[in-house]
Each structure stands twice: as C-alpha cells, then as structure tokens.
Amino acid sequence: MTQRTVAPFLTPEGFAQPAVGAVLREGSALLEGGRYAVHAWSSRGSRRRTPLGSAPVRVGEPVLLVPGFLAGDSSLAPMSRTLRHLGFRTYRADVRANVGCTLAAAAQLEERLEELVQRRGTRARVVGHSLGGMLARGVAARRPDLVAGIVTMGSPVLAPGAHHASLARSVDLLVRLNRAGMRNLMAADCVAGRCAEESFDQTRSPLPDGVDFTAIYSRRDGIVDWRACLDPAAQTVEVRSSHVGMAFDPAVITLVASALRPGGGSAVEVDRGEIA
C-alpha cells in the first residue's frame, strides 16, 4: 500500500515493504507448482495401488480454506484436493475474489463458519493464505465457539502495510475504482480510516484458550515482510517457499495437514526452513 493511500499505522516501526527486486523470488512459484504436479501424479498412482480398507482416517473437524488478497477459492483448490486425500473435509470460503472491504469479508467468513459449524455439529479449523489468514485470525479471536484452530500462511498480521510496491499499486487501483462508483471494492476507509483501524485491531486481538494457532512464514517471501508473519500468539513454522507458492507447495501442504490434526502442530519440527 502506498503512503498516499494507506495509513502509517499499518506499517509499524520495525517493519518495511520488501525491496523492489524481492518480487523476483516469487519466480520460484513455478518450481513449487511443478513439485505439486509431480506430487499429485505420484499420489494418484499410489492411491490406485492402495488396498481397499486402508484409506486415511477421516478427520472429524471441517476445514475452511480462505484465499488471499486478489485471489479466490480456486487458488487453494490444489491444497484442498491434497487435504481431502489425507482424510480432511475441506470447504470453500465462497470468495470469488478477495478485493472488498476487510470488515465485510470478516463478517462473510463468520457467517460461512456459522453455517458450516451448524451443518457439521463441531467447530471448524481455518486455513488462510495471506489476507485470508488475517481474516481467520480476527474471527477466531471473536468467535472461539466456531473455530478450533487456525493456520496462517504468509499472513502479515503484525504489519499489513509491509508489502511489495506491486501490491500497493493494486490496492491503490481498487480504491480509485471504488471512488469511481464500484462500491464492492476496497475503499479508502479500508486502508486509511476507521475500517482499517478496526480490522487491524481484530487481527491482533488475544486468542482464547482452546484455539490452536500455527503461523507459516518464509524468509524468501517476495510480497510481504516475513517478520510481520511472526505472531507471538502462534507456533511459527518456517518454510522455503515463495509467497504465492505457499498455496500449493507440497512441503507447505504437509505442514498444514500436520497442524490441522489435533495436537499435530506441536509435532512439527523445522530445521532452517525445511521439514525435519
């Protein structure tokens, strides 16, 4: 977010936008996508050879996947497919494109969780990518009756404004379009007014006991300041992935699956950004 558009409080002291050249690291998303394709192909063959009756044990709690800024549910489809093969019941957030008011998006997420929890009869676990993780963090703090745990991936909860200039231009464009009459897009108040303040406060609210929290981050992140993802309330786990690639990198999905299983997050060990 540019200084002209975004309030300074969204980039607290100690955080900064990634350097302009940092976005080049996002090119590794192509390799991460390739690894996912290979992994998916290998898993498909493995499932064909698996004897009947040895399928993964179903996990009772539903898992809601929330996409990041500018993205929709389809961005997390690869992760959803893999998690389903591992026994999880995954659900979409019903987001076509995460480009609107953040408070409205949080309210929509809360409604979706209410519907899901009522249908399944148990609290849900929420996986959020980037902005999706920030929304999940706020709802979990406010409604622990709906959320058993959250997993964030590259979510700059400590400094939402500490992101790359290319993303800042996208935010600026949305604000301009909103002023031109497209009211369903992010407005100036969402990045510099009371809406922005309230959203930022929600993402930093204390999490009640009984809500698990795993925050996945990468020092190779070319979109957000990775330090802003180190929420002190979370168990932080480092990976070697691009920001975009976290949505489909097989190594990240493995960590997500571990964190989603009750007690699984504490069993994950990381050595210099790689799964132990």
Side-chain angles (χ1 to χ4, degrees), residues 14-43 65-71 75-83 85-86 88 127-134 136-137 149-160 162-167 212-261 264-276:
F15 301 98
Q17 294 179 329
V20 174
V23 74
L24 296 176
R25 293 198 291 267
E26 291 301 300
S28 66
L30 295 174
L31 297 175
E32 290 144 9
R35 285 199 292 270
Y36 173 80
V38 171
H39 177 78
W41 179 266
S42 174
S43 297
L65 304 179
V66 189
F69 179 57
L70 298 178
S75 67
L76 293 173
M79 178 174 290
S80 177
R81 283 193 292 271
T82 301
L83 291 176
H85 294 323
L86 293 174
F88 295 94
V127 178
H129 184 209
S130 196
L131 174 58
M134 296 172 62
R137 171 75 165 79
I150 59 175
V151 181
T152 61
M153 303 178 293
S155 300
V157 295
L158 303 182
H163 59 241
H164 195 269
S166 60
L167 206 62
D212 299 329
F213 182 12
T214 299
I216 297 173
Y217 71 99
S218 173
R219 294 172 191 260
R220 296 177 56 83
D221 197 314
I223 301 298
V224 305
D225 184 343
W226 62 269
R227 298 171 299 175
C229 304
L230 304 181
D231 193 315
Q235 177 188 339
T236 56
V237 182
E238 183 179 358
V239 297
R240 293 182 60 83
S241 173
S242 65
H243 183 84
V244 173
M246 289 185 196
F248 44 78
D249 187 334
V252 175
I253 297 176
T254 297
L255 287 172
V256 169
S258 177
L260 288 174
R261 295 188 184 278
S266 61
V268 177
E269 296 182 3
V270 175
D271 180 16
R272 300 182 64 174
E274 297 180 349
I275 303 174

Report the C-alpha distance between Asp221 and Met246 in whole Å, list the side-chain angles of each, state the deciding distance to 0.1 Å, and finish with yes or no for side-chain contact (heavy atoms from CB on, under 4.5 Å). CA-CA 10 Å; Asp221 197 314; Met246 289 185 196; 4.0 Å; yes
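- Scanning both residues, Glu32 and Gly245, for their nearest heavy atoms gives OE1-CA, 3.1 Å.
- Here the closest non-hydrogen pair linking Gly133 and Thr152 is O-CG2, 3.6 Å.
- Of all non-hydrogen atoms in Phe15 and Leu158, the two that sit nearest each other are CZ-CB, 3.8 Å.
- Partners of Ala233 according to the side-chain contact (heavy atoms from CB on, under 4.5 Å) rule, which considers only residues two or more places apart in sequence or in another chain, are Arg137, Phe213, Asp231.
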Quick one: do Arg261 and Phe88 satisfy side-chain contact (heavy atoms from CB on, under 4.5 Å)? Show the steps, please. CA-CA 9 Å; Arg261 295 188 184 278; Phe88 295 94; 3.7 Å; yes
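- Atoms OG and CD, on Ser242 and Glu26 in that order, are 4.5 Å from each other to the nearest 0.5 Å.
- Residues Glu238 and Tyr217 meet the side-chain proximity criterion, which asks for heavy atoms closer than 4.5 Å.
- Looking at Arg240 and Arg219, their side chains never come closer than 4.5 Å, going by heavy atoms from C-beta outward.
- The two residues Val224 and Pro18 come nearest to each other via the heavy atoms C-CG, 3.6 Å.
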Checking side-chain contact (heavy atoms from CB on, under 4.5 Å) for the pair Leu167/Leu70: CA distance, chi angles, key distance, verdict? CA-CA 9 Å; Leu167 206 62; Leu70 298 178; 4.2 Å; yes
List the steps and the verdict of side-chain contact (heavy atoms from CB on, under 4.5 Å) for His39 and Phe248. CA-CA 11 Å; His39 177 78; Phe248 44 78; over 6 Å; no
